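Computed from a predicted structure; not experimentally measured. To find a chain, count down the sequence lines: A is the first, B the second, and so on, and within it residues start at 1. The figures here come from the full heavy-atom set of this structure, side chains too, leaving out hydrogens, waters and symmetry mates.
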Number of protein chains: 2
Amino acid sequence: MVQYVSPPLDLSFAALSDATRRGIIDQLGRGDASITSLADKFQMTLTGMKKHVQVLERAGLVVTQKVGRVRTCKLGKRGLKAEAEWIEAHRKLFEARFEALDEIISEMKQEGSDESAS
Amino acid sequence: MVQYVSPPLDLSFAALSDATRRGIIDQLGRGDASITSLADKFQMTLTGMKKHVQVLERAGLVVTQKVGRVRTCKLGKRGLKAEAEWIEAHRKLFEARFEALDEIISEMKQEGSDESAS
DNA sequence: TACATACTGAACCATATAGTTCAGTATGTA
DNA sequence: TACATACTGAACTATATGGTTCAGTATGTA
């Protein structure tokens, strides 16, 4: 029984910040896959794909197992619970802010000043 | 070949992959803040804080407005909707995979009556 | 006017990322 | 045995990140 220390959100959000890696998760949702099949699907070298998979593994989002010469990748049981919780909690924060302020009016008013330098 | 392109999620997940930036969002949930006050709170140079805020701005998570010499930062009205949707959709994917595993197991149990053995 | 405050931009540094190629090793198959 | 397949690791490239310092500019205040 392997006990994973819940990897920090740093690692999982960083893993999710790449479209290829989100695609890999998508793909693994349709079925387990070898490094080679993923590399084919995403038009990338084996070595490049292996690196992506390692990033996902480090984040705990994917687990892999090598049988014979094939390393099979599948979604990790850890899932996206911690990430969903952070997002949901802070979504509420965003919404609470907008209820507190009269956003639309302040938005319409602000045309006069700087907006955003640089 | 599968080509996944969604730059907004790239930017926002990357923005969220840093604990300081998640902290800034947390802080802005409690009230708008200047660059200086954020730099103080997170024990960082002004320049360093400005960079973090720019990352959050590029991702659309924060908006800023300069009035006089003070740049005020607040949560962007775009919120975390797209991120929440991606996470939730894929959380279901993770769960579906594990249910699918159960299905495969039960299919294997009744395999004797079905099709040709391979 | 003089001075402090708040930010801005350029430049630098160390490390990480996303990818590659090339040279292996290990495994399966004819 | 010979050959193909599947991965692995090192090394290299280019760019991004997270931080700094230093030298400004713009703005508010006494």
Side-chain angles (χ1 to χ4, degrees), chain A residues 7-25 28 32-59 61-74 110 112-118, chain B residues 1-25 27-28 32-59 61-74 118:
Chain A
L9 290 176
D10 281 33
L11 290 179
S12 49
F13 281 135
L16 295 178
S17 74
D18 183 273
T20 298
R21 284 191 297 262
R22 291 196 303 279
I24 292 168
I25 288 179
L28 294 181
D32 299 350
S34 66
I35 306 282
T36 295
S37 70
L38 291 171
D40 286 351
K41 194 119 14 192
F42 292 90
Q43 297 249 230
M44 186 177 298
T45 58
L46 258 185
T47 310
M49 181 51 69
K50 195 187 183 238
K51 282 191 180 182
H52 278 307
V53 168
Q54 280 174 334
V55 171
L56 289 164
E57 252 192 304
R58 247 185 286 128
L61 299 175
V62 160
V63 295
T64 72
Q65 188 194 5
K66 194 170 183 178
V67 174
R69 46 182 184 176
V70 179
R71 180 171 296 277
T72 300
C73 310
K74 57 183 175 185
Q110 79 181 12
S113 38
D114 175 17
E115 291 284 312
S116 63
S118 91
Chain B
M1 177 191 55
V2 187
Q3 181 98 339
Y4 286 90
V5 179
S6 34
L9 287 180
D10 279 32
L11 291 179
S12 49
F13 281 134
L16 295 178
S17 74
D18 183 272
T20 298
R21 284 192 296 261
R22 290 197 303 277
I24 292 168
I25 288 179
Q27 191 59 40
L28 294 181
D32 300 350
S34 67
I35 305 281
T36 295
S37 69
L38 291 171
D40 285 352
K41 193 119 14 193
F42 291 90
Q43 305 235 82
M44 187 176 297
T45 58
L46 259 185
T47 310
M49 181 51 68
K50 196 189 181 238
K51 282 191 180 183
H52 278 306
V53 168
Q54 280 174 334
V55 170
L56 289 164
E57 251 192 304
R58 249 184 284 129
L61 300 176
V62 161
V63 295
T64 73
Q65 184 194 10
K66 193 169 186 179
V67 175
R69 45 183 183 175
V70 179
R71 180 171 296 277
T72 298
C73 310
K74 57 183 175 184
S118 54

What is the separation between atom [atom1] on [X] and atom [atom2] on [N], rounded to the nearest whole Å?
{"X": "D10(A)", "N": "dT15(C)", "atom1": "CG", "atom2": "C1'", "answer": "15 Å"}
{"X": "R71(A)", "N": "dA26(C)", "atom1": "CZ", "atom2": "C1'", "answer": "12 Å"}
{"X": "Q65(A)", "N": "dT27(C)", "atom1": "CD", "atom2": "P", "answer": "14 Å"}
{"X": "K50(B)", "N": "dG18(D)", "atom1": "NZ", "atom2": "C1'", "answer": "15 Å"}
{"X": "I35(B)", "N": "dT8(C)", "atom1": "CD1", "atom2": "C1'", "answer": "10 Å"}
{"X": "I24(B)", "N": "dG19(D)", "atom1": "CD1", "atom2": "C1'", "answer": "13 Å"}

Check: Which letters describe nucleotides 17-24 of chain C, given B = protein heavy atom under 4.0 Å from base, S = only from sugar-phosphate, - = neither?
Finding: -SBBBB--
pair [X]-[Y]: side-chain heavy atoms closer than 4.5 Å:
{"X": "L56(B)", "Y": "I25(B)", "value": "yes"}
{"X": "Q65(B)", "Y": "V67(B)", "value": "yes"}
{"X": "I24(A)", "Y": "L38(A)", "value": "yes"}

Distance-only check: which donor-acceptor pairs under 3.5 Å involve side-chain atoms of residues 44-52 of chain A, not counting sequence neighbours?
{"residue": "T45(A)", "atom": "OG1", "partner": "G48(A)", "partner atom": "N", "Å": "3.0"}
{"residue": "H52(A)", "atom": "ND1", "partner": "R21(A)", "partner atom": "NH1", "Å": "3.2"}

Item checked: Partner residues of A14(B) under the side-chain contact (heavy atoms from CB on, under 4.5 Å) criterion, sequence neighbours left out ->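 S17(A).
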Check: Partners of S37(B) by side-chain contact (heavy atoms from CB on, under 4.5 Å), sequence neighbours excluded?
Finding: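 Partners of S37(B) by the side-chain contact (heavy atoms from CB on, under 4.5 Å) criterion, ordered by chain and then number, come out as A33(B), S34(B).
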Would you give the length of the straight line joining atom [atom1] of [X] to atom [atom2] of [Y], rounded to the nearest 0.5 angstrom?
{"X": "K66(A)", "Y": "I35(A)", "atom1": "NZ", "atom2": "CD1", "value": "9.5 Å"}
{"X": "D32(B)", "Y": "T64(B)", "atom1": "CG", "atom2": "OG1", "value": "11.0 Å"}
{"X": "C73(B)", "Y": "L61(B)", "atom1": "SG", "atom2": "CG", "value": "12.5 Å"}

Under 3.5 Å between N/O atoms: give me all the protein pairs with nucleotides 3-5 of chain C, atom names plus distance.
{"residue": "dT5(C)", "atom": "O4'", "partner": "R69(B)", "partner atom": "NH1", "Å": "3.3"}
{"residue": "dT5(C)", "atom": "O2", "partner": "R69(B)", "partner atom": "NH1", "Å": "2.6"}

Check: Which atom names give the shortest non-hydrogen contact between A15(A) and A59(A), and what distance separates them?
Finding: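 Residues A15(A) and A59(A), closest heavy atoms: CB-CB, 3.9 Å.
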Notebook entry, point to check: Who are the salt bridge (charged side-chain N to carboxylate O under 4.0 Å, His left out) partners of R22(B), not counting sequence neighbours?
Noted result: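 Residues passing salt bridge (charged side-chain N to carboxylate O under 4.0 Å, His left out) with R22(B): D10(A).
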Next item on the list: Toss me the dot-bracket line for DNA chain D: Watson-Crick and G-U wobble, both under 3.5 Å, 5' to 3', using | for pairs to another strand and [ ] for crossers.
Entry: ||||||||||||||||||||||||||||||
Margin query: With a cut-off of less than 4.0 Å, is there a side-chain N or O of K66(A) near OP1 or OP2 of dT8(D)?
Written below: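 For dT8(D), OP1 or OP2 has a side-chain N or O of K66(A) closer than 4.0 Å.
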